[in-house]
Amino acid sequence: MENFALMIFAAGFGTRMGELTRSRPKPMIEVGGKALIDRAMDLARNADMGPIVVNVHYLAEMLEEHLADADVQISRETPEILDTGGGLKAALPMIDAPVVATMNPDVVWSGPNPLRVAIQSWAPERMDALLLCVPIERTIGRTGGGDFDLAQDGSVSRPGNLVYGGVQIIKTERVAEMQEKAFSLNAVWNKLAAENRVCFEIYDGHWCDVGSPSGIALAEEMIARDV
């Protein structure tokens with residue numbers, strides 16, 4: 001299997017976590033005795049990802065110290081946070097590859113390694129981005145509806161019953177061509193969808209959102225069922 005570069009998004013403020021993120025960044029919150037960032041790193045190592053870049057902003061020093069012995073590069077966003085698209089664009093010189101996978105660490109997966117699933121489904125001749133999605137009935141802790149709807153003809157619309165799971169593969173040139181400094185990856189996906197160059201892979205497993213305190217216990221219950 002081809003090696004892919006990986007970007008882990010760890011710069012956010014984690015405001016939905018309330019007091020839990022007052023003194024630590026959200027990726028360092030523990031689920032089942034292991035920090036979310038370490039769970040993401042385990043998936044990355046299992047999928048032979050490299051190089052790995054982690055962006056930081058909020059309480060950056062804590063994350064940098066935590067990852068000091070890990071084989072990662074740090075992209076520090078300063079003075080302002082750049083959102084997902086802007087953060088990825090700023091890290092492109094470190095990634096130095098035509099294609100990159102990205103991962104949000106504030107979720108827990110139950111089933112096959114999501115990075116491996118995405119890599120095995122990547123087909124650059126017909127896609128510029130591949131988003132790994134979970135049917136909403138297989139999500140845990142999700143509030144609100146889904147993100148996307150995929151029609152039989154392959155067309156994409158919003159919203160729908162598919163939840164973006166936080167793992168994707170994307171061609172770096174499509175991020176680099178964006179003119180803004182700070183922007184969401186949604187802006188890139190909308191552009192690619194209009195060109196029929198964004199595709200979706202359905203994750204055959206379960207997924208838990210750990211964006212708020214209630215998600216911690218839900219994720220631990222899901223993990224306990226897997227043991």
Side-chain angles (χ1 to χ4, degrees), residues 2-14 16-17 21 24-32 34-78 81-109 112-119 122 129-134 164-172 175-176 182-186 188-189 203 207-211 215 219:
E2 179 185 354
N3 281 2
F4 278 69
L6 174 66
M7 173 84 173
I8 299 178
F9 294 116
F13 294 98
R16 287 194 297 148
M17 282 291 184
T21 50
R24 59 180 165 175
K26 182 167 66 171
M28 288 184 63
I29 289 175
E30 291 189 356
V31 172
K34 179 174 288 191
L36 288 168
I37 188 65
D38 294 335
R39 290 185 174 276
M41 288 295 299
D42 286 348
L43 292 172
R45 295 186 185 102
N46 179 264
D48 298 319
M49 308 300 288
I52 300 173
V53 178
V54 180
N55 70 337
V56 297
H57 175 79
Y58 177 64
L59 299 178
E61 295 83 1
M62 291 186 68
L63 262 173
E64 290 178 358
E65 181 178 353
H66 184 78
L67 295 169
D69 295 329
D71 186 16
V72 302
Q73 299 181 72
I74 299 294
S75 176
R76 181 181 277 219
E77 296 181 13
T78 183
I81 196 167
L82 300 175
D83 208 336
T84 51
L88 179 55
K89 181 180 177 181
L92 291 183
M94 295 182 178
I95 293 165
D96 191 26
V99 174
V100 63
T102 73
M103 170 179 272
N104 298 340
D106 58 349
V107 302
V108 174
W109 303 81
N113 187 320
L115 292 168
R116 287 185 173 272
V117 172
I119 290 169
W122 176 247
L130 174 68
L131 279 59
L132 193 60
C133 292
V134 187
Y164 172 57
V167 165
Q168 69 158 339
I169 298 176
I170 192 167
K171 293 180 180 177
T172 51
V175 179
F183 60 95
S184 168
L185 279 170
N186 276 288
V188 185
W189 298 338
Y203 183 70
W207 169 100
C208 185
D209 180 8
V210 194

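Keep in mind that what you see is a predicted model, and the values were worked out from it rather than measured.
The shortest heavy-atom contact between Met103 and Ala40 is SD-CB, 3.6 Å. Scanning both residues, Ile169 and Phe4, for their nearest heavy atoms gives CG2-CE2, 3.9 Å. Nearest heavy-atom pair, Ala97 versus Thr172, reported as atom, atom and distance to 0.1 Å: O-OG1, 2.7 Å. The minimum heavy-atom distance linking Asn55 with Gly87 is given by the pair ND2-CA, 4.3 Å. The heavy-atom pair separating Leu6 from Ala44 by the smallest distance is CD2-CB, 3.4 Å. The two residues Leu82 and Ala90 come nearest to each other via the heavy atoms CD1-CB, 3.7 Å.
Within the 4.5 Å cutoff, side-chain heavy atoms of Val134 are placed close to those of Trp109. Residues Ile170 and Leu131 are not in side-chain contact: their nearest non-hydrogen atoms beyond the backbone lie 4.5 Å or more apart. In this structure, the side chains of Leu88 and Ile95 come closer than 4.5 Å at one or more pairs of heavy atoms. Counting only heavy atoms from C-beta outward, the side chains of Ile52 and Asp71 never approach each other to under 4.5 Å. By the 4.5 Å heavy-atom criterion applied to side chains, Leu185 and Phe9 are counted as neighbours. Side-chain contact check for Leu130 versus Leu132: every heavy-atom pair is 4.5 Å or farther apart.
How far CG of Leu115 is from OG1 of Thr102: 9.0 Å, rounded to the nearest 0.5 Å. Here the straight-line distance linking atom CZ of Arg16 with atom CG of Asp209 works out to 5.0 Å at 0.5 Å rounding. Note that the CD1 atom of Ile74 and the CG atom of Leu63 stand 7.0 Å from one another [nearest 0.5 Å]. Note that CG of Asn46 and CG of Asp48 are 7.5 Å apart. Values are rounded to the nearest 0.5 Å.
With Tyr203 contributing its side chain and Ala118 its backbone, the two residues share no donor-acceptor pair below 3.5 Å. With hydrogens and angles disregarded, no donor-acceptor distance shorter than 3.5 Å links the side chain of Arg24 to the backbone of Met62. Without hydrogens or angle criteria, Asp83 side chain to Gly85 main chain gives no donor-acceptor distance under 3.5 Å. Judged by distance alone, with hydrogens and angles left aside, the side-chain atoms of Asn3 form no donor-acceptor pair with the main-chain N or O of Met49 at under 3.5 Å. The backbone N or O of Val54 sits nowhere less than 3.5 Å from a side-chain atom of Ser75 that would complete a donor-acceptor pair. Judged purely by atom type and a 3.5 angstrom limit, Asn104 has no side-chain atom pairing as donor or acceptor with the backbone of Asp106. Side-chain atoms of Thr21 do not come within 3.5 Å of backbone N or O of Lys26 as any donor-acceptor pair. Side chain of Arg39 to backbone of Val31: a donor-acceptor contact under 3.5 angstrom is found.
Classification of the Trp189-Tyr164 ring pair by plane angle, with boundaries at 30° and 60°, yields perpendicular.
For Asp42 and Arg45, the salt-bridge test passes: some basic side-chain N is under 4.0 Å from an acidic carboxylate O.
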Before you tell me yes or no, could you show the steps for Gln168 and Met7 under side-chain contact (heavy atoms from CB on, under 4.5 Å), namely the whole-Å CA-CA distance, both residues' side-chain angles and the distance that decides it to 0.1 Å?
CA-CA 10 Å; Gln168 69 158 339; Met7 173 84 173; over 6 Å; no
side-chain contact (heavy atoms from CB on, under 4.5 Å) assessment of Val107 paired with Leu36:
CA-CA 8 Å; Val107 302; Leu36 288 168; over 6 Å; no
